[in-house]
Every structure is written in structure tokens, then in C-alpha cells.
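Keep in mind that this is a model prediction, so the values were computed, not measured. Lettering follows sequence order; numbering is per chain, from 1.
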2 protein chains.
Amino acid sequence: MLGLLSFPGERTGYDLKKWADASLRFFHWSPAISQIYAELRRLESRGYVTSARSGPEEPRAKRRYAITEAGRAALARWAAEGDGGPVVLKHPLVLRVWLGHLAAPGRLRALVEEHIARTREELTEIRGALTQAESVPRWAHPAVALRWSERRSLAELELAEAMLADLEGLEDLEGLDALEGPAGLEDSGGRS
Amino acid sequence: MLGLLSFPGERTGYDLKKWADASLRFFHWSPAISQIYAELRRLESRGYVTSARSGPEEPRAKRRYAITEAGRAALARWAAEGDGGPVVLKHPLVLRVWLGHLAAPGRLRALVEEHIARTREELTEIRGALTQAESVPRWAHPAVALRWSERRSLAELELAEAMLADLEGLEDLEGLDALEGPAGLEDSGGRS
DNA sequence: GGGAGCATGTAACGGGTTACATGATTGG
DNA sequence: CCAATCATGTAACCCGTTACATGCTCCC
């Protein structure tokens, strides 16, 4: 949140969510909107952000948030300390491939192909965000992050393609096993 | 958990944790040991796994777990339905690059280099796990997943390298700006 | 004898989600 | 006028973590 607000301008929680969905999420998940509001209030109570209601003091009026000096300092401290720890990766597709022995081979291939299609879509989204970021000199670093995301998306496609090839290789082996295996004599390639 | 147990043999919670750390974690995080025990008991209460205590009925004796037919069925159901949703990625390094405007350029480069070093180590771990998996014909699918992880690790290295280059490009630009931009003529070597 | 690894568990907490509730503004 | 989007918030819940507690076994 502080990071999002560290770029110039004031924005609402809603804005923040859209921003996160459009760029942050490609390399570091985007929080739920309800959490954003909760977090903003928490940050305000700590003096890291201030909110200005547009118009009078209605209870649920539009609030625009801005980061404070204390917030900037806290953020800089956070960025300076440690490295943020290891990359978190949860890849449901590979998990299913790992458990491939309980699915039909065709099913796995279909899942991989779906994943490729989804990744292609993501790639175009990233490219959209990237061209936007490149148009503003202020956003040089976000642009680097998005460039990373673009390349990562391309790599993801290649990885999926390679895994598809591996899976087909497996099926061929299984085909051979079915022919040679149980029958007996000619264990040409093999091991025990 | 069920997935881990779906491979032949009985194992303890502790075993499961080691297994997850040595392979699962490369493409889909490894749960905390405390959660493994909790989950195993939950699964047992649902009849998806059975536990056998070695020796007599001591309260905290070693328990070896095995999956039941019901468990296998539940797992197959799980694997068959849906695609498991999107990849979850949290990349603290790229997050920091994204916020590069609040760090010294050298700091960012150092972080990227650390990341490269860590990724190299991970790569050798993956290769170790992979050769193990390749030695057992039963583990053909896990081997595919690990092959994916190996390639992914290599891709991660390339991505980091490319980002490093991007960051250096940025610094050069900033250097030019400092020369040509606001100050005018005599802003040669250094700056604030 | 003592430390490293094996092995199991409890308790407290927190971060984050989904579901729900509400209402203003804008554009077809 | 109606739907979509803007906009803010509450409540319940759950997944998973850290910290703590316990004791065994093996090997140096």
C-alpha cells in the first residue's frame, strides 16, 4: 500500500485496487479490496497516510489518500532492510502434472494448453501496462518490473511447451512398456 | 498431503515434510510441519488416511500414515475438477525493483546479485532431486515437474540477468539527465 | 555425555479471503 | 430508467505461520 502511494498523487482505495490489479499483480499478488480499505485505515492510525474526504463529513464519503513523510520514511526503512525473503510460487498446473499418475494423459495435456492460452492473455495485459508505464518517465522502475514480467510470461510459455513435450515423451514410453513390458524378453532400453 | 501419500508406501508426518521440502516446494510451497500434523489428523477423521502406530498405544508414538481408497477417490476427484486456478507468484525482489526510486541503484544491483546466487543454489538442489526422481520409474510425473522446475530456475537466472542490464541502462540514462538536464553546464562528476 | 536429527504435538496469532451491505455517479 | 462502475465498509472465517513443549535415537 505504501509503495503504491509513494508515487505522486492522491488516490482512493478503489484506485489502488485497480492499479494493483493492473501492474503489481504480475509479479506480486494483488490484495483484496476489503483488505486495502482495512490496511489504509491501519496506516492512517499509524500516521503513515492521510485521507481527505471530498466534500463534507459524511461517514462513507470518497476518501483520497496520500502518503506522509513518516510513511515515506517507514517505506524506505522497509525497502532498505533485508531482501524480502524467497520467491513464493504456487503453480497449480505443475502440481497436477506432479500427480499425473492419477489423471488421464489427455487431461493433463488439455490443462497445459489452457494454461498456455491464459498466459498468452496475461502477456498482452502486461504489454498494455508496460507501454503505459514507458510513456511516463517517472515510472522507469515500474517499467523495469513490467519488462521482467513480460519476459517471465514468455518464459512461462516456453516452460509449458517444454513440459508438454515431456508429457508426450512419457506417453510414448508408456506405449512401449505396454508392448514390451509385461511380455518379457526384449528389455532393450531398460533397467530393473 | 493426499498427493504426497498417493505414492506407494507409508510415511510419518516428518517424512512428508522432508519430501515436500525436497521436491514440492520447487513449484508449489511446502507447508509448515505443524500444519502437516494437523492436516493429517483432519484427513484421518474424514477417513482419507489411516495411521498405524509402531509398537504399543503410547500417546505420542511414531505414526505411519497411508492413504485409503476413499482418500484416493477424493484426490482423484480434486485433480479432475477445475484447473486449480491461476499461478500465485510473490517476487519480493521485483517488488523492490518496482519501488526502485526509493533505493540507491547499487543497493538494487546487490539484491539482484544475491538473488542470482540463491537461485543457483536452488538449481543444484533441484538437480539433485531430479536425478533421484529419474532413478525410479514410478516417479515419471514428479520427474517432469522437477524438469519444469529446473528449466524455471534457469529462466529465473536469465530474467535476473536481463533485469540487471535494464537497471544499468536506467542508471546511464540518469547520468545523462544529470549532465544535460537541470543543472546546465558544470555538473560533471557527482551529484547530491 | 551431548548434540543433531527424528518425531509429535499445542496455542496464539495474523494476514488475507469471501460474502454481505450500502449507496453515489455515469452513460447508453 | 437501468445497468455498470465507482466507492466504502463490516463480519465471519480459514489457512497457515511462529513459538513453544516434549521426548526419543543415533552417533561422535
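Direction of the helix axis in the helix from C:dG1-D:dC28 to C:dG28-D:dC1 shifts by 30° between the two five-pair termini, rounded to 10°.
For B:Arg53, no side-chain nitrogen or oxygen approaches OP1 or OP2 of C:dT8 to under 4.0 Å. Residue A:Trp29 places no side-chain N or O under 4.0 Å from the OP1 or OP2 atom of C:dG15.
Atom CG of A:Leu5 sits about 5.0 Å away from atom CG of A:Leu16, to the nearest 0.5 Å. Separation of atoms CZ (A:Arg152) and OG1 (A:Thr119) is listed at 7.5 Å; rounding is to 0.5 Å.
Scanning residues 72-80 of chain B for heavy-atom distances under 4.0 Å to DNA chain C yields an empty list. Shown for residues 34-43 of chain A: residues whose heavy atoms fall under 4.0 angstrom of DNA chain C, namely A:Ser34, A:Gln35. Scanning residues 13-26 of chain B for heavy-atom distances under 4.0 Å to DNA chain C yields B:Gly13, B:Tyr14, B:Asp15, B:Lys18.
Looking at heavy atoms from C-beta onward, A:Leu95 lies in side-chain contact with B:Leu24 at the 4.5 angstrom threshold. Residues B:Arg109 and B:Leu164 meet the side-chain proximity criterion, which asks for heavy atoms closer than 4.5 Å. Counting heavy atoms from C-beta outward, B:Leu102 and A:Arg72 have side chains that stay 4.5 Å or more apart.
Judged as a side-chain contact (heavy atoms from CB on, under 4.5 Å), and not counting sequence neighbours, the contacts of B:Ala155 are A:Ala155. Listed by chain and residue number, nothing satisfies the side-chain hydrogen bond (donor to acceptor under 3.5 Å, both in side chains) test with B:Glu158 (two or more places apart in sequence, or in another chain). Every residue two or more places apart in sequence or in another chain that forms a side-chain hydrogen bond (donor to acceptor under 3.5 Å, both in side chains) with A:Glu134 is listed here: A:Arg147. Partners of A:Arg138 by salt bridge (charged side-chain N to carboxylate O under 4.0 Å, His left out), not counting sequence neighbours: none found. Under the rule for a side-chain hydrogen bond (donor to acceptor under 3.5 Å, both in side chains), A:Ser34 has no partner lying at least two apart in sequence or in another chain. Under the side-chain hydrogen bond (donor to acceptor under 3.5 Å, both in side chains) criterion, B:Arg120 pairs with no residue at all, not counting sequence neighbours.
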Table please: side-chain donor-acceptor pairs of residues 122-130 of chain A below 3.5 Å, with sequence neighbours left out.
unit_1, atom_1, unit_2, atom_2, d
A:Glu122, OE1, A:Ser153, OG, 3.4
A:Thr124, OG1, A:Glu121, O, 2.8
A:Glu125, OE1, A:Arg25, NH1, 3.4
A:Glu125, OE1, A:Arg25, NH2, 3.0
A:Arg127, NE, A:Glu150, OE2, 2.7
A:Arg127, NH2, A:Glu150, OE2, 3.4

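Between the NZ atom of A:Lys62 and the P atom of C:dT25 there is a distance of 10 Å, given to the nearest Å. Rounded to whole Å, atom C1' of D:dG9 lies 14 Å from atom CD of A:Glu44. Atom-to-atom, CD1 of A:Ile33 to P of D:dA7 comes out at 10 Å; the value is rounded to the nearest Å.
Note on residues 79-102 of chain A: pairs passing side chain to side chain donor-acceptor pair (under 3.5 Å), not counting sequence neighbours, are A:Asp83-B:Arg118, A:His91-A:Glu156, A:His101-B:Ser6.
As judged by a 4.0 angstrom heavy-atom cut-off over every strand, A:Ser51 is placed among residues making no nucleic acid contact.
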